[in-house]
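One structure is given here, and the rest of the page talks about it.
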Amino acid sequence: MTTKKDISIFWFRQDLRLSDNPGLTKSLESKNVLPVYILDDINSGENKMGGASRWWLHRSLENLNKQLDNKISFYSGDPLEIFKNLIAKFNLKGIYWNRCYEPWRIKRDTNIKKYLIDHGIEAYSYNSNLLWEPNQILKVDQTPYKVFTPYYKKGCLNHDSPRIPIAKPNLEKIIEDEGNRNDLENLNLLDKKKWYSEFENLWQPGENHAHNKFSIFLENGLNGYKYGRNFPSKENVSQLSPHLHFGEISPNQIWYKLEEKSDDYSEKDLYHFKSELGWREFSYYLNFHFP
DNA sequence: AATCGGTTTTA
DNA sequence: AAAACCGAT
């Protein structure tokens with residue numbers, strides 16, 4: 001019997017970026033990190049991804065994989081089953097990921113964490129996706145807010161400051177699974193009918209493009225944001241939503257860039273744009289506390 | 001310390 | 001109208 005290779009796994013989910021990625025950075029403190037992406041159409045149920053999201057996901061993964069010298073292992077199916085196979089194949093030390101907050105993902109991930117711990121495998125999860133996690137923000141009576149303004153002003157803004165973004169880690173310890181022949185194309189994320197070619201030029205998924213969009217917004221869109229954001233055709237619309245959704249840029253990176261540049265903009269526009277990040281937080285919050 | 005009633009706020 | 005807040009018990 002050949003000895004199995006010692007590895008840890010970093011599981012990419014809604015955090016398709018290398019910079020400010022706490023889980024990825026932490027995983028790289030151990031040796032030999034295998035990056036993995038799993039298309040899960042099994043546990044998602046009602047929330048199964050639609051065609052436009054799949055197109056975005058494909059392009060985003062393509063971009064991310066290129067940055068990692070094509071070392072990501074792609075799988076499709078139930079993550080727990082896939083991890084069981086990887087446990088059989090490698091001497092797996094631990095699995096690292098960043099938390100998601102949708103009820104179906106929490107249910108799945110809790111289950112996976114339990115399985116891993118029960119089988120002597122380390123499981124580490126981090127916050128990479130939200131400025132404040134849903135269980136951190138509660139009223140004095142320890143129940144969750146239902147109204148945005150008190151949630152944001154009193155709950156969030158009076159809480160500890162959001163985590164400071166971290167740099168892109170050193171990628172030397174990233175390895176690939178030479179035995180895995182399942183590449184991105186096999187996930188079949190792109191529809192055979194190429195209806196998506198319409199927006200191929202309008203939208204560019206990927207970490208670098210997310211940051212470009214944000215820079216352009218800072219140059220042209222943030223001045224007059226409070227008023228202009230209500231007109232979708234104006235440049236005051238940031239267009240960052242899908243990039244944030246797939247985690248190509250973190251809210252923390254946006255938040256602290258705004259702090260840094262606070263002298264360049266009016267208090268009103270800055271506050272209003274930040275509060276839109278607050279609304280994003282609030283929707284995750286409500287979905288978490290009142291599913 | 002949890003509950004009650006009255007007042008203010010709500011994007 | 002419903003939620004949050006405040007002061008009193």
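When reading the values below, keep in mind they use all heavy atoms of this one structure, side chains included, and skip hydrogens, waters and symmetry mates. Chain identifiers are assigned alphabetically (A, B, ...) following the order of the sequence lines, protein sequences preceding nucleic acid strands; residue numbering begins at 1 within each chain.
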**Prompt:** Judged by modelled atom types alone, do A:Y101 and A:N127 share a side-chain donor-acceptor pair under 3.5 Å?
**Reply:**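 Side-chain D/A pair, A:Y101 to A:N127: present.
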**Request:** When you get a sec, tell me which of C:dA3, B:dA11, C:dC5 is the closest nucleotide to the side chain of A:T149?
**Result:**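 Looking only at side-chain atoms, A:T149 lies closest to B:dA11.
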If I take atom [atom1] in residue [X] and atom [atom2] in nucleotide [N], what distance separates them, rounded to the nearest angstrom?
X	N	atom1	atom2	value
A:R280	B:dA11	CZ	C1'	19 Å
A:K154	C:dA3	NZ	P	17 Å
A:L138	C:dA3	CG	C1'	16 Å
A:F282	B:dT10	CZ	C1'	11 Å
A:N158	C:dC5	CG	P	11 Å
A:F148	B:dT9	CZ	P	18 Å
A:K146	C:dC5	NZ	P	13 Å
A:L286	B:dT10	CG	P	17 Å

**Fill in**
From the list A:D15, A:N129, A:D20, side chain to side chain donor-acceptor pair (under 3.5 Å) partner of A:S250 resolves to A:D20
**Asked** Base, sugar-phosphate alone, or nothing: which one does A:Y152 contact when heavy atoms must sit under 4.0 Å apart?
**Response**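 No contact.
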**Message:** Under 4.0 Å, counting only non-hydrogen atoms across every strand here, what does A:Y151 touch: a base, just sugar-phosphate, or nothing?
**Reply:** nothing
**Prompt:** Hey, is the main chain of A:L57 close enough, under 3.5 Å, to the side chain of A:S60 for a donor-acceptor pair?
**Reply:** no
**Request:** Output yes when at least one side-chain N/O atom of A:K139 is less than 4.0 Å from OP1 or OP2 of C:dA4, else no.
**Result:**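 Result: yes.
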**Item:** For A:E235 against A:F217, the heavy-atom pair lying closest together
**Value:** O-CD1, 4.3 Å
